[in-house]
Structures are given as C-alpha cells and as structure tokens.
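Encoded as structure tokens, the structure appears first; notes follow it.
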Amino acid sequence: MPPKAGRPIVGSEPKNKQIALRATETTVKKFNACSEITGKTKTDLLEEMVNDLHESLTKK
C-alpha cells in the first residue's frame, strides 16, 4: 500500500484552515522580525499569541 499523500500532520490536529488579513508594512516587518528572533514559524507565533490572548480573556 502506498504511503498517505500530502503534508504530514504536526501536532495533535491537522492545520487545514487558512487565515488572511491585511496589515501595515510596519506590522509585517515586526512579525517577520519576531519570527527570525525566536526561530519560530509565523504559524507557531500566531497560535501562541491567540492562545495567550484567549487564556487572558477567559480567566475567571
């Protein structure tokens, strides 16, 4: 049986959704710099930021 085609799943669930947004050039440069400084992917950074914000907003 041939191996499963497509990108491998990294983590506990597939990353099969996309987010598109409009941003200023300054924001994009800062985001790229954060990615380079931390060595994390932009996806990892975005997920981390969203998780931190969600946690702070839903704390009781």
Side-chain angles (χ1 to χ4, degrees):
M1 185 183 309
K4 198 171 156 183
R7 295 186 60 90
I9 296 174
V10 177
S12 61
E13 58 184 302
K15 294 179 179 170
N16 57 358
K17 302 295 180 194
Q18 290 186 341
I19 297 175
L21 56 96
R22 295 173 59 84
T24 65
E25 187 172 339
T26 302
T27 300
V28 173
K29 285 181 181 179
K30 288 179 183 178
F31 192 49
N32 289 335
C34 290
S35 177
E36 290 176 17
I37 291 167
T38 61
K40 295 181 180 180
T41 66
K42 293 175 194 166
T43 299
D44 289 342
L45 285 177
L46 183 62
E47 288 178 347
E48 185 178 314
M49 289 185 287
V50 169
N51 288 335
D52 289 347
L53 179 59
H54 183 266
E55 184 178 316
S56 70
L57 293 174
T58 57
K59 277 187 179 176
K60 293 182 179 182

TODO: Could you list the residues that satisfy side-chain contact (heavy atoms from CB on, under 4.5 Å) with K30, not counting sequence neighbours?
DONE: T26
Open item on the list: Suppose we screen for side-chain contact (heavy atoms from CB on, under 4.5 Å). Which residues come up paired with L21, at least two apart in sequence or across chains?
Closed with: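 In terms of side-chain contact (heavy atoms from CB on, under 4.5 Å), with neighbours along the sequence ignored, L21 is linked to I19, A23.
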Residues forming a side-chain hydrogen bond (donor to acceptor under 3.5 Å, both in side chains) with [X], sequence neighbours excluded:
| X | value |
| --- | --- |
| T41 | D44 |
| S35 | none |
| T24 | T27 |

TODO: Give me the other members of the hydrophobic cluster that L53 sits in, counting Ile, Leu, Val, Met, Phe, Trp and Tyr linked by side-chain heavy atoms under 4.5 Å, directly or via other members.
DONE: L57
Task: Remaining members of hydrophobic cluster (4.5 Å side-chain criterion), I37 - done: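 None, because no other hydrophobic side chain comes under 4.5 Å of this residue.
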Open item on the list: For K42, give me all partners under salt bridge (Lys or Arg N to Asp or Glu O under 4.0 Å), at least two apart in sequence or on another chain.
Closed with: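 None.
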- [ ] Kindly write out the residues that satisfy salt bridge (Lys or Arg N to Asp or Glu O under 4.0 Å) with E25, not counting sequence neighbours, or none if the list is empty.
- [x] K29
Task: Sequence neighbours excluded, every pair satisfying side chain to side chain donor-acceptor pair (under 3.5 Å) that has a member inside residues 46-56 - done: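 Found K40-E48.
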- [ ] Compare all side-chain heavy atoms of E36 with those of F31 and state whether any distance is below 4.5 angstrom.
- [x]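 When only atoms from C-beta onward are counted, F31 and E36 do not touch, as no gap falls below 4.5 Å.
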